[in-house]
Amino acid sequence: MTATARPPAPPDVPPAGQALNRVTLAGLAGTVVEFYDFALFATAAALVLGPVYFPAADRETAVLASLATLATGFLARPLGALLFGHIGDRAGRRAVLLGTVLTTGGATFAMGLLPGHDRLGVTATVLLVVLRLIQGIGIGGEWTAAVVLASEHAPPNRRGLWTSLPQTGPAIGFLLATGALLGCSAALGPEEFRDWGWRLPFLGAGVLTVVAFLLRSAAVESPVFTALHAERRLSRGPVRQVLRDHIGRVLLVTGAVTCVYAVHYTATTWSLAYADRALGLEPADTLLAVTVAMAVMAVATPFAASLGDRYGRRRQSLRGCLAMAVGVPLYLGLLQTRSPAAFAVASTGLLLAVVVVLGVQGAFVPSLFPAEVRTTGTAVSYNLGAVLGGGLTPLVNAWLAVRSGSGLPWAVAVYLVLLCAVGALCLLRLPAAQRLGPPPGAAGPSGERRHRAR
């Protein structure tokens, strides 16, 4: 009997390794740009946006108002998760990659052009909030599409490592954002920087967006989604299906993600405003410290992901929760020394604890949801955690620090440790192994049916 030769792949479909490289590069480029945009606003909100768009308030109130505007972007993330999650499960993961980078990048570029309150009055404040909402909608689907596409292309035994490369995007994006603001602050005088210099990094987002879009245009669709589409196994209503069949898992993932975002934004956003107002440190020094910490975080992320591939992602996440809970009081204690060097050491140490969990989330969270609703389930649960942890924490910390009085903000430490405890409890209720491939009977990447993600 003559064996039937396998038909060759269509000419526009690259080999598996090349496809994975394209997907990973596209995911990394996009997450760098998206989190550059997001972190740029977060840092500017803590340092300069208050007087520009809320000049009628006193300095303390203006900073709180700008941080509240930061929170509105987080509140828009679940809306983006629903929108782009639906697109990802109905039209494909690749379509989300293209849509999110244009949405967020365009909003950030527009912020750089937006006149201040002195020219447009309250209209400027309203438009800033609107642009922040648009930015939040875009980022609501960004991380999800990047890690889902990478995880569905990656070989089973290296899934954590490959998904960690888009995972380094947030750290690199934050590094570029704080570096850009730091460079402008150093090159310009304090007055010029606060008047107009802060706008330059926002305008630079336009160039980064174009580059990321071109790279993402070369990305290849997920083989898992392709199999679902070929067998007509796509969910008719992915949002409805997730809320009906997987709401418990959504809430558990939300709890596990909340503490990671809370600790991360404590170290990268709230700390900048706190160091400026309560500790009297120079913004340039604290920006430099956080920039160094984020550089270390970016390098450490793939190593953390590789450990997750080897020893198990849920187990490593539990260890990360413990590391964050222990690290938070030490971090806050070091800040009280009012030393820029201690600030840098404290920030680096706490963000390394965050990386222990963050490094494996790109592989772990998508594995918890079935292929036909994977983008929606991942996006909704992850972004709800981002809202509760990242969106609210800078405001909650600012309020708790005032209530703690002078000295160590003990109330902030208690709040963050409790969130880490809740995250650990949620992880204990989540399964450690789930199928990542297409539904039974569908063709998928080699080894998918045998592999179980740990």
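Side chains included, hydrogens not; waters and symmetry mates left out as well; all remaining heavy atoms used.
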task: Mind checking the NE2-CG spacing from His264 to Leu358? Nearest 0.5 Å is all I need.
output: 7.0 Å

- prompt: Got a second to check how far Thr266's OG1 is from Asn397's CG, nearest 0.5 Å?
  reply: 4.0 Å

field: Criterion side chain to side chain contact (heavy atoms under 4.5 Å, CB included) on Leu102 and Leu98, from CA distance to verdict
entry: CA-CA 7 Å; Leu102 291 178; Leu98 298 175; 5.7 Å; no

query: For the atom pair OG (Ser271) and CG (Leu279), what is the distance rounded to the nearest 0.5 Å?
result: 9.5 Å

- prompt: Can you name the closest pair of heavy atoms from Ser317 and Val360 and give their distance?
  reply: OG-CG2, 3.4 Å

task: Could you check Gln361 against Val357 for side chain to side chain contact (heavy atoms under 4.5 Å, CB included), going step by step and ending with a plain yes or no?
output: CA-CA 7 Å; Gln361 282 185 335; Val357 187; 3.8 Å; yes

task: State, yes or no, whether a side-chain contact exists between His117 and Val52 at a heavy-atom distance under 4.5 Å.
output: no

Derivation of the side chain to side chain contact (heavy atoms under 4.5 Å, CB included) call for Trp143 and Thr378: CA-CA 10 Å; Trp143 177 88; Thr378 302; 3.8 Å; yes

message: For a quick test of reading the model, state the closest non-hydrogen atom pair linking Trp162 to Ala154 and the distance between them.
response: CB-CB, 3.8 Å

query: Looking at Val412, Leu419, Leu350, Val414, which hits side-chain contact (heavy atoms from CB on, under 4.5 Å) with Val328?
result: Leu350

query: Less than 4.5 Å apart, any side-chain heavy atom of Val380 and any of Pro78?
result: no

- request: Check Ala305 against Ser164 and note the closest heavy-atom contact, atom names and distance.
  value: CB-CB, 3.2 Å

query: Is Pro409 close to Leu332 at the side-chain level, that is, under 4.5 Å between some pair of heavy atoms?
result: yes

message: Quick one, Cys259 with Cys321, criterion side chain to side chain contact (heavy atoms under 4.5 Å, CB included). Give me CA distance, side-chain angles, the key distance, then yes/no.
response: CA-CA 8 Å; Cys259 62; Cys321 286; 4.0 Å; yes

task: Locate the shortest heavy-atom distance separating Arg216 from Thr100; write the atom from each residue and the value.
output: NH1-OG1, 3.5 Å

- request: Check whether any side-chain N or O of Arg374 sits under 3.5 Å from a backbone N or O of Pro366 as a donor-acceptor pair, and report yes or no.
  value: yes

message: Checking the side chain of Gln316 only, and the main-chain atoms of Ala304 only, is there a donor and an acceptor separated by less than 3.5 Å?
response: yes

- prompt: Does a side-chain heavy-atom distance below 4.5 Å link Val122 with Tyr53?
  reply: no

query: Within the side chain of Thr108, is there an N or O that forms a donor-acceptor pair under 3.5 Å with the backbone of Thr104?
result: yes

query: What heavy-atom pair brings Pro166 and Ala146 nearest, and what distance separates the two atoms?
result: CB-CB, 4.1 Å

- request: Answer yes or no: are there more than 12 heavy-atom neighbours, outside Arg403 itself, under 6.0 Å from its atom CZ?
  value: yes

message: Under 4.0 Å between a side-chain nitrogen and a carboxylate oxygen: does that hold for Asp245 and Arg249?
response: no

task: Any chance you could measure Leu368, atom CG, to Arg314, atom CZ, to the nearest 0.5 Å?
output: 10.0 Å

field: Within-4.5 Å side-chain heavy-atom neighbours: Thr144 and Asn383
entry: yes

Where Ala177 and Leu40 come nearest, the two heavy atoms and their spacing: CB-N, 3.7 Å

message: Side chains of Gln135 and Arg132 only: does a donor on one sit below 3.5 Å from an acceptor on the other?
response: yes

Value rounded to 0.5 Å, distance of CH2 in Trp198 from CG in Leu203: 9.0 Å

Sidechain N-carboxylate O distance under 4.0 Å for Arg199, Glu192: no

- prompt: Are the side chains of Val242 and Ile247 in touch, meaning some heavy atoms are under 4.5 Å apart?
  reply: no

- prompt: Does atom CZ of Arg315 have more than 12 heavy-atom neighbours from other groups under 6.0 Å away?
  reply: no

task: Please check if any side-chain donor atom of Gln241 sits under 3.5 Å from a side-chain acceptor atom of Ser235, or the reverse.
output: yes

statement: Between Tyr382 and the options Phe84, Phe369, Tyr261, the ring-ring contact (aromatic ring centres under 6.0 Å, His included) test singles out Tyr261

message: I'd like to know if the side chain of Arg77 and the backbone of Gly136 have a donor-acceptor N/O pair within less than 3.5 Å.
response: no

Distance in Å, Ile172 CD1 paired with Thr31 OG1, rounded so as to fall on 0.5 Å steps: 7.5 Å

message: If you count every heavy atom of other residues, nucleotides or ligands that lies below 6.0 Å from Arg244 atom CZ, does the total exceed 12?
response: yes

- request: Check whether any side-chain heavy atom of Phe109 lies under 4.5 Å from a side-chain heavy atom of Asp37, and answer yes or no.
  value: no

- prompt: Do the non-hydrogen side-chain atoms of Asp285 and Phe343 ever get within less than 4.5 Å of each other?
  reply: no

